[in-house]
**Q** 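Following this message is one structure expressed as structure tokens.
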Amino acid sequence: MQNLIGSVDVSRETFERLKTFEALILKWSPKINLVSRDARTHIWQRHILDSAQLFDHRLPSHGAWVDIGSGGGLPGVVAAILLAERAPEMSLVMIESDQRKATFLRTALRECDVEGVVIAERIESAPPQIASIMSARALAPITELLPHAMRHLSENGIALLHKGRNYAKEIKEAELHWSFDVETHPSLTADDSRILEIRNIRRANPDEP
């Protein structure tokens with residue numbers, strides 16, 4: 001029997017790990033507000049599937065994946081679960097400064113029986129990760145995310161950003177200060193949202209701080 005997470009075909013073991021993660025979010029959210037009260041009735045569609053759709057795209061299968069501002073592990077823990085099946089040689093690092101959420105992330109990795117490292121520091125203070133992929137979801141405008149990408153991505157790394165209806169405006173604003181290549185992919189979970197795939201990130205003015 002096929003187990004489809006959106007359009008991503010996964011094994012029964014991976015599907016069960018994702019269900020375990022869903023249950024953990026429901027258990028912990030009332031204590032540390034991982035997702036909103038309204039979203040708790042739509043976790044699978046709004047959060048799990050939204051995170052898993054990153055795997056619809058051709059991604060590097062080696063190196064490191066860093067998820068910044070990981071919060072409740074969306075997409076970080078979902079990525080760790082899918083990487084265990086699809087790219088087990090790839091390492092996963094989540095950066096989250098909130099100590100309670102960092103504790104949740106470590107618990108989720110352990111309970112889902114997947115590998116990953118949690119760095120409980122601010123993104124700009126954490127050691128550079130030299131990652132092949134950097135992900136960020138519902139964290140900050142593109143202009144604020146690109147300095148983190150410069151810090152934590154390898155030279156040929158890819159930033160995968162979940163963005164909502166204002167994505168085009170954010171791209172234009174970022175282009176005032178940055179040079180980059182961007183591909184936009186339709187979201188499987190919201191018609192007005194996009195997954196942005198950003199590469200070749202450089203400051204438009206190298207003298208800017």
**Q** Does Glu85 use its side chain to pair, donor to acceptor, with the backbone of Ser11 at less than 3.5 Å?
**A** yes

**Q** Determine the minimum heavy-atom distance between Cys112 and Thr20, stating which atoms define it.
**A** SG-CG2, 4.1 Å

**Q** Do the side chain of Gln129 and the main chain of Pro127 share a donor and acceptor less than 3.5 angstrom apart?
**A** yes

**Q** Answer yes or no: does atom CD1 of Ile130 have more than 12 heavy-atom neighbours from other residues, nucleotides or ligands under 6.0 Å?
**A** no

**Q** Any idea which heavy atoms bring Ile68 and Ala136 closest together, and the distance?
**A** CG1-CB, 3.8 Å

**Q** State whether the side chain of Ser154 and the backbone N or O of Ala131 hold a donor-acceptor pair below 3.5 Å, judged by distance alone.
**A** yes

**Q** How about CD on Glu155, more than 12 heavy atoms from neighbouring residues, nucleotides or ligands closer than 6.0 Å, or not?
**A** no

**Q** Flag the pair Lys172 and Glu170 as a salt bridge only when some basic side-chain nitrogen lies within less than 4.0 angstrom of an acidic carboxylate oxygen.
**A** no

**Q** Mind listing the closest non-hydrogen atom pair of Ile95 and Ile123 along with its distance?
**A** CG2-CA, 4.0 Å

**Q** Strictly distance-based, threshold 3.5 Å: is any side-chain N or O of Ser70 a donor or acceptor partner for the main-chain N or O of Gly73?
**A** no

**Q** Of all the heavy-atom pairs spanning Leu153 and Ala159, show the shortest one and how long it is.
**A** CD1-N, 3.9 Å

**Q** What I want to check is whether the side chains of Trp65 and Ser135 have a donor and an acceptor closer together than 3.5 Å.
**A** yes

**Q** Any idea which heavy atoms bring Leu54 and Leu160 closest together, and the distance?
**A** CD2-CB, 4.2 Å

**Q** Below 4.5 Å, heavy atoms only, C-beta onward: do Leu83 and Phe55 meet side chain to side chain?
**A** yes

**Q** Hey, are the side chains of Ile25 and Leu74 touching, using non-hydrogen atoms and a 4.5 Å cut-off?
**A** yes

**Q** May I ask you to decide whether Asp67 forms a salt bridge with Arg137, counting only side-chain N to carboxylate O separations under 4.0 Å?
**A** no

**Q** Side chains of His148 and Glu124: donor-acceptor distance under 3.5 Å anywhere?
**A** no

**Q** Can you check whether Ala126's main-chain N or O pairs, donor with acceptor, with Arg151's side chain at less than 3.5 Å?
**A** yes

**Q** Answer yes or no: is there an ion pair linking Glu22 with Lys19, defined by an N-O contact shorter than 4.0 Å?
**A** yes

**Q** Is there a side-chain contact between Leu145 and Lys163, using heavy atoms and a 4.5 Å cut-off?
**A** yes

**Q** Could you work out, with side chain to side chain contact (heavy atoms under 4.5 Å, CB included) as the rule, every residue matching Ala190, not counting sequence neighbours?
**A** Ser187, Asp192, Ser193

**Q** Taking Asp98 for its side chain and Lys101 for its backbone only, find out whether a donor-acceptor pair lies under 3.5 Å.
**A** yes

**Q** Would you please indicate yes or no on a ring centroid separation below 6.0 angstrom for Phe21 and Trp28?
**A** no

**Q** So if you build clusters from Ile, Leu, Val, Met, Phe, Trp, Tyr with side-chain heavy-atom gaps below 4.5 Å, do Met150 and Val182 land together?
**A** yes

**Q** Ignoring hydrogens, what is the shortest heavy-atom contact between Phe104 and Gly72? Give both atom names and the distance.
**A** CE2-O, 3.3 Å

**Q** Measuring only between side-chain heavy atoms, which start at C-beta, is Val114 closer than 4.5 Å to Arg17?
**A** yes

**Q** For Ser125 and Glu121, indicate whether the former's side chain and the latter's backbone hold a donor-acceptor pair under 3.5 Å.
**A** no

**Q** Okay, side chain of His162, backbone of Asp50: is any donor-acceptor separation there less than 3.5 Å?
**A** yes

**Q** Walk me through it: do Ile48 and Val78 pass the test side chain to side chain contact (heavy atoms under 4.5 Å, CB included)?
**A** CA-CA 7 Å; Ile48 304 291; Val78 175; 4.2 Å; yes

**Q** Between the side chain of Glu96 and the main-chain N/O of Gly71, is any donor-acceptor distance below 3.5 Å?
**A** yes

**Q** Identify, with sequence neighbours excluded, every residue that meets side-chain hydrogen bond (donor to acceptor under 3.5 Å, both in side chains) alongside Arg202.
**A** none

